[in-house]
Each structure stands twice: as C-alpha cells, then as structure tokens.
Amino acid sequence: KHCFTKSKDGFLCCENLKVQEIMENVEKRPFYLYSKPQITRNVEAYKDALQGLNSIIGYAIKANNNLKILEHLRGLGCSAVLVSGNELRLALRAGFDPTRCIFNGNGKLLEDLVLAAQEGVFVNVDSEFDLENIVAAARIAGKKVNVLLRINPDVDPQVHPYVATGNKNSKFGIRNEKLQWFLDAVKAHHDELKLVGAHCHLGSTITKVDIFRDAAVLMINYIDEIRAQGFEIDYLNIGGGLGIDYYHSGAVLPTPRDLIDTVRELVLSRDLNLIIEPGRSLIANTCCLVNRVTGVKTNGTKNFVVIDGSMAELIRPSLYDAYQHIELVSPASPKAEVSTFDVVGPVCESADFLGKDRELPTPAKGAGLVVHDAGAYCMSMASTYNLKMRPPEYWVEDDGTVSKIRHGETFEGHIRFFEGL
Ligand code: LLP
C-alpha cells in the first residue's frame, strides 16, 4: 500500500484525502505534504526484514530533519545517524537514545565530538586527524568513546558521482592500506577509545543489492582481520543508500528485505550486530511538494509550466539532474491539450527546473502540481535563494486529519536576523 493514489474520479489523494482539498485548506504557497502512516509502513518494512538479526536502524537525519518526523521515527524504534553537532542536539531533543546513535563525517568538529563523547554516541573514525580529535574529546569528556572504523571499500555504487561515497576518489573514510595504522592507534589509545565495529557507506540511490553484498564480503574480511588482532568487535555497519522508484515506472527495485537478505548469512556467520543507516528509503516516498501553476508559456521550441515552487524548495533536479515524478493533482479539462513541458520555478537561474520534457495536459492557472518522492533531501536541502522562504510542512495523521508539522518561514522571520545589529 502506498499513500499517494488516484481516486476513481481522477484526483490525486494522500491516504484517501484529495490533495486539491488539502491545498485549498492550507496557506497559498508551496508546501510539503507527508503521510505519517506511510512513514510507519516504511519502518515496518525494515523491521520485518531484520527479524532474527540483532540490529539498529539508524535513520540518517540529513535526509529529513523535521522534529515531528524524528519523534515519530524514534517512537517506531529507530535510532539516528548524525553528521553534525546540531543534528545530535536535535536527535536528543527528539528523544533518541544517544547510546544507539552514530556520529559520522569527514570533518567532525572537536566541540561536537565532545558532546558525542559525553552522550555516549558511537563515533565513526574517518581519518588520522579525526582519530586525534576523538581521543581529545574523550579526554575532555572524561569518557571512553565507542568507535567504528569507517572503511572505504572502493566499491562502485553505479550512481551519480555526487552521491557516491565509497570509491577511491571519495573524501570519506580510510583506505584499507591504512587499516593497520588505525588499529595500532586504537590500541595505543585504549584509555580513550573502544573499537566496537567497522562501517562503510557506499553511496546513495543504489538500485542493485549485489553492490551491498560485495561490500559486505569485503567488510567481513576486514572484521576477521581486526578480530584476529584481538579486538572484540561486534558491529558491522553497512551504511544506507538503498534507492527508490523515482521514475514510477513500475520497475521492480530491491526492497529492504532484498537488501537485508543479501547480507543476513554473512552477519549471522560472524555473530555480528548489524547497523544500517537508511535515509531516503525510509522517508522519500512519504511526501510530495505541492505547488500551484503560475502560468504556461512557450519559447519557440520549448513549452514551460511555471510554478510557485522552485529549486529553492527542492534542488535535487538542478543539482543532480535527478528525476522526480510530476503530476497534476486534479483531472484536466478534456479540452486541455497534452504537450511536452519543462516544469520550472520563478527563480533567476536557468538551472531552476523541477522536471524536463514532461508530458502533461496544459494546466490552468492555479492548478495544483506535485513533485513526488520529496521526503528525502528536499526540505533538508532547501534554501532561501531569491528570498523564497522555506515552505511549511503538513502530514496526514493516522486518523486521516491533516496537521501542520512545521511553520513556513516568513519575511518577518528573515528580517529578525538583522535586528539589533
Ligand atoms: N550514512 C551515511 C554515512 C551517509 O553519508 C548517507 C547519505 C546515509 C547514511 C543515508 O543514505 P540514504 O539511505 O539516504 O541513501 N543529497 C543527495 C543524497 C546525499 C546522501 C549523503 N549521504 C540526494 O539528494 O540524492
């Protein structure tokens, strides 16, 4: 079951509520619309897949940091994966148990590491200087830090280069040639560090589970090597990265179960706890960005649908040439001509498009138009370029009512940054 469906009379619905009606009832600006039950279903899919394994589902907060959503994910049993001190503070605010959270990153700041050490967060070691900082943080906090080594396994995730993180050109993690240096350093700092596991993250939007399997095989070999030197490590963290069906093509993509099943035997064979770090596959398909059509224009060879939303609210198409499915929320008039359009925003930038060459019935002014799969890396990457204000967020609750879960930013709020200067 998926939250976004078409009613018999051709209206787009979110959990059986017409998006057109929701649009008419909330403010007249772009907004993000989520389904809370869909978030639950996505987590349940991972939980079912993980049955029989000791595991932690570490939700990657960077994908979407709405506090209400975080509280819901925490209530469902997820822990959190963090890449900044503020993400850690927000995770604490949302009630996550810090001793099950994981702090990642190639440029973790000492002050943030101190907070992580105080709170007992797992920390992934990314480099030599990062290890030094973790040791310093442990001393300042007066606490031993549980660390995992982030190993770059050099596996090609077959995705856009900007979202590949585990190949040899990547700024993340340590290369296996250096593994011994890190093991010696951890040994030398046994008062500050306890090595508990190994981590890798290959990249994002991965649609072939073999890639995870290849990485897991390499990681298991590293774990054997590390254990052979007397380290009692229990955790294998295989990161996040599972892709979703952005194209709505009906193609059969790997599910959380497919992902977990490819590594299950390896994990069991070494009696490991499995940590996974999904972001996109938990949250992307639970949401769309709802926009209004400002007008339609033609420029010689190209037709454009101009909407009120833009690359400021949703940058993935501009930044990664990412495809996100677009549709009108209400059935078009039978007289509306179907044409090929670029769907663009009002921002002063030729990269400001949400979709290229989309077949759509020519929409009327004011028609609702959604960009699908906008739950991950959309609001969290939104900007205020051209002084567009970050949009409000709503979700459909379990009982079918609609609630606001984040206020939209306002011009007045923006002006406050300059008060009293
Ligand atoms: N763990 C680590 C260490 C990561 O770097 C990431 C994502 C994740 C977990 C979660 O990956 P996911 O399951 O969401 O694929 N802004 C880009 C995606 C950047 C992903 C960065 N790292 C996009 O919009 O496609």
Side-chain angles (χ1 to χ4, degrees), residues 42-43 45-46 56-65 69 73 78-84 87 91 101-108 121-127 130 148-153 155 157-167 170-174 197-209 211-212 215 219 236-246 253-256 259-260 274-287 289 311 313-324 354 371-383:
N42 290 355
V43 175
Y46 267 107
I56 294 179
I57 304 175
Y59 165 67
I61 287 194
K62 71 191 100 176
N64 187 310
N65 56 34
I69 291 175
L73 289 166
C78 293
S79 76
V81 170
L82 322 155
V83 291
S84 70
E87 285 191 354
C101 290
I102 299 110
F103 191 15
N104 269 314
N106 65 311
K108 300 185 283 295
V121 172
F122 291 109
V123 178
N124 283 340
V125 180
D126 187 84
S127 63
D130 194 41
L148 289 84
L149 294 180
R150 177 167 183 168
I151 299 174
N152 175 342
V155 171
Q158 301 174 30
V159 296
H160 190 282
Y162 290 4
V163 295
T165 49
N167 52 16
S170 170
K171 69 171 179 172
F172 299 103
I174 62 179
H199 168 260
C200 68
H201 172 74
L202 307 174
S204 206
T205 70
I206 299 170
T207 51
K208 296 188 184 122
V209 284
I211 293 170
F212 290 102
M219 293 300 289
L236 169 61
N237 182 337
I238 56 164
L242 187 63
I244 63 146
D245 180 20
Y246 279 111
L253 292 180
T255 61
L259 166 63
I260 302 305
L274 179 67
I275 303 178
I276 54 169
E277 302 183 334
R280 189 185 318 270
S281 53
L282 280 180
I283 198 75
N285 73 352
T286 69
C287 171
L289 177 67
M311 68 187 289
E313 290 79 4
L314 196 159
I315 200 176
R316 300 192 65 260
S318 310
L319 190 57
Y320 315 112
D321 238 333
Y323 180 97
Q324 294 194 212
L354 285 307
V371 181
H372 278 288
D373 303 307
Y377 307 109
C378 292
M379 182 57 170
S380 65
M381 295 178 77
S383 76

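Both counts, for ligands and for their atoms, begin at 1 and track the order of listing.
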N or O pair under 3.5 Å between A63 and ligand 1: no
Can you tell me if N65 and E87 form a side-chain donor-acceptor pair at under 3.5 Å? no
Where is the nearest protein heavy atom to atom 15 (O) of ligand 1: which residue, which atom, and how far? S204 OG, 2.3 Å
With a 4.5 Å heavy-atom cut-off, do P317 and Y323 have their side chains touching? no
Give me the nearest non-hydrogen protein atom to atom 8 (C) of ligand 1 as residue plus atom name, then the distance to 0.1 Å. H201 CE1, 3.4 Å
So if I apply the side-chain hydrogen bond (donor to acceptor under 3.5 Å, both in side chains) rule between N285 and each of D245, D373, N42, which one comes out positive? N42
Can G241 be said to touch ligand 1, with heavy atoms closer than 4.0 Å? yes
Nitrogen or oxygen atoms of Y320 and ligand 1 under 3.5 Å apart: yes
Do any N or O atoms from the side chain of D126 and from the backbone of G173 form a donor-acceptor pair under 3.5 angstrom? yes
Could you tell me whether ligand 1 has any atom less than 4.0 Å away from a heavy atom of R150? yes
Donor-acceptor contact below 3.5 Å, side chain T286 vs main chain I283: yes
List the closest protein heavy-atom neighbour of atom 5 (O) of ligand 1: residue, atom name, distance to the nearest 0.1 Å. K62 NZ, 2.9 Å
Between the main-chain N or O of G240 and the side-chain N or O of H201, is there a donor-acceptor pair closer than 3.5 Å? yes
Show me which atoms of ligand 1 lie under 4.0 Å from any heavy atom of N104. 3 (C)
Do E277 and ligand 1 have an N or O pair less than 3.5 Å apart? yes
Geometric N/O contact H199 with ligand 1, under 3.5 angstrom: no
A student checking ligand 1 against G240 at a 4.0 Å heavy-atom cut-off should list atoms 9 (C), 13 (O)
Is the shortest distance from a Lys or Arg side-chain nitrogen in D130 or K108 to a carboxylate oxygen in the other one below 4.0 Å? yes
If we only count N/O pairs under 3.5 Å, is S281 in contact with ligand 1? no
Side chain, backbone, both or neither: the part of H160 lying under 4.0 Å from ligand 1 by heavy atom: neither
Among all protein non-hydrogen atoms, which one is nearest to atom 14 (O) of ligand 1, and what is the separation to 0.1 Å? Y377 OH, 2.6 Å
Tell me whether ligand 1 is touched by P278 - counting only heavy atoms on the residue side and a distance under 4.0 Å. yes
Please identify which atoms of ligand 1 are closer than 4.0 Å to at least one heavy atom of R316. 23 (C), 24 (O), 25 (O)
Any atoms of ligand 1 less than 4.0 Å from a non-hydrogen atom of M381? List them with their elements. 16 (N)
For ligand 1, does R280 get within less than 4.0 Å through its side chain, its backbone, both, or neither, judged by non-hydrogen atoms? both
Please identify which of these residues, I102, I61, N104, meets the side chain to side chain contact (heavy atoms under 4.5 Å, CB included) condition with V83. N104
For Y377 and S204, does a side-chain donor sit closer than 3.5 Å to a side-chain acceptor? no
Min side-chain heavy-atom separation V81-Y59 under 4.5 Å: no
With a 3.5 Å distance limit and no angle check, can you tell me whether S79 reaches the backbone of C101 through a side-chain donor-acceptor pair? no
